[in-house]
There are 2 protein chains.
Amino acid sequence: MTYAKYLGYVTQGQWCMTDMVDEKSTTAGPGPAAPVAKPRGRGSSIGPLAAELRVAIMRTSRRLRTEAAGHALSPGQYSVLNAVSKAPLGIGQLAEREMIQAPSMTRIVNALEADGLVARCDNPADKRQVLVKITDDGAARLIEARSKRTQWLATRIAARSPEDRAILAEAARILQEMSAQ
Amino acid sequence: MTYAKYLGYVTQGQWCMTDMVDEKSTTAGPGPAAPVAKPRGRGSSIGPLAAELRVAIMRTSRRLRTEAAGHALSPGQYSVLNAVSKAPLGIGQLAEREMIQAPSMTRIVNALEADGLVARCDNPADKRQVLVKITDDGAARLIEARSKRTQWLATRIAARSPEDRAILAEAARILQEMSAQ
DNA sequence: GCCATTTACTTAGCATTGCTAATGACCTAT
DNA sequence: ATAGGTCATTAGCAATGCTAAGTAAATGGC
């Protein structure tokens, strides 16, 4: 019950809560990480920036997730459908991609299959493996979900100034690089 | 089982999965980001930017959540502890802040209380209400968790150029504004 | 060529977290 | 004083994650 007991068993984040805190008062100062290169000037204090960016990202991601809800496609289903839209993949491959365990993926694929969005096929080369293939219904649903998923964000972006849009574009690139590491 | 049955009952996002798709092929086009500055003309295609930004944010948030795990404080517990660190709050207020329902908050507070990180107090002015107060242990744990939470991000930020940091700072501000709407 | 090991998926069961519904205690207004 | 609303808790369901164990098929050693 006390959560701590749950650790050592949890291997990756699987919690869901908001994380929508106002954490202005992080402890601030130069913060966790080291200076860098030429942190000169007063402006480049890493700690507060990291704290602020974290809050901004978590809050935005929460909004994105919330807004994406209600489309009859859970995030997991969406991810899998998207992955399978290019080429059929096995359960294990999908699980690895999504960073979950195979049984969890089996369950997701079961749900998608029950809805007729994917189909299981035999792999002639290895009959142990099940290939998950997208159906026409699945492809249609994916396209629909895809646009709805981005809709909320697209609306807000459209409302910003061109300068802000440029910054967001750059930030997207930077964030991708950082999280890829 | 089929998820669709679950809708109309779900009111907000509560799923957890990766969402860590390689959705490069969203509609794409000119590649990652748009030019800049003077976007009008053909350059300011909102759709691809929204799609890319969405992926960047979701992926980064996922990393943040994953990296934050293993500190014996779930995101929910962390949020509550942080909220309560400034002033005691009632269950209902906390629930509203976190955008969850009161029973869920009761459960979180129960866990924190069991760990001795918060304490329930009576509110003399309204005996229906329970005030959740942080304990010394809770405050200590919060500070510890706080730095660890931002550490991952701070490290990556520290490795970027000053220009990138400036962009991220701006982006954080913009994202805050957008998600606040 | 046959048996042992490994691999891929499924089934079974537990844990966490969110929600709704219903209950009990208390405040507020008539 | 009583009726109705508000706050918190308890009870019970749904979804998603995990581990452990079981089945089917491929691979390897003798």
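Below, chain A is the first sequence line, B the second, and so on; all start at residue 1. Just so you know, these numbers come straight off a predicted model, no measurement behind them. Both backbone and side-chain heavy atoms feed into the values below; hydrogens, waters and symmetry mates do not.
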> Rounded to the nearest Å, what distance is computed from the CZ atom of residue A:R120 to the C1' atom of nucleotide C:dC9?
Replying inline: 8 Å

>> Can you tell me which residue among A:V84, A:N82, A:V80 is in a side-chain contact (heavy atoms from CB on, under 4.5 Å) with A:I134?
In response: A:V84

> Taking only residues two or more places apart in sequence, or in another chain, which ones meet A:E96 in a salt bridge (Lys or Arg N to Asp or Glu O under 4.0 Å)?
Replying inline: none

> What is the distance, rounded to the nearest whole Å, between atom CD of B:Q101 and atom C1' of D:dT6?
Replying inline: 14 Å

> Are a donor atom and an acceptor atom from the side chains of B:N123 and B:R128 found within less than 3.5 Å of each other?
Replying inline: no

>> Is there a side-chain contact between A:T106 and the phosphate of C:dC9, meaning an N or O under 4.0 Å from OP1 or OP2?
In response: no

>> Rounded to whole Å, how long is the line connecting atom CD1 of A:I100 with atom P of C:dC9?
In response: 13 Å

>> Can you measure A:R107 atom CZ to D:dC18 atom C1' for me and round it to whole angstrom units?
In response: 9 Å

> Partners of A:D137 by salt bridge (Lys or Arg N to Asp or Glu O under 4.0 Å), sequence neighbours excluded?
Replying inline: none

>> Within the 4.0 Å limit for protein heavy atoms, which parts of nucleotides 24-30 of chain C are touched? Write it as a string from 5' to 3', B for base, S for sugar-phosphate only, - for none.
In response: --BS---

>> In whole Å, I'd like the distance from the CG atom of B:L94 to the P atom of D:dT9.
In response: 11 Å

> Can you tell which of C:dC19, C:dT11, D:dT9 lies closest to the side chain of B:I91?
Replying inline: D:dT9

> Can you tell me how far CG of A:L73 sits from CD of A:E144, rounded to the nearest 0.5 angstrom?
Replying inline: 8.5 Å

>> Can you tell me how far apart CG (B:L81) and CG (B:L142) are? Round to the nearest 0.5 Å.
In response: 5.0 Å

> If you check the B:P103 side chain, which of D:dT9, C:dG18, C:dT10 turns out closest?
Replying inline: D:dT9

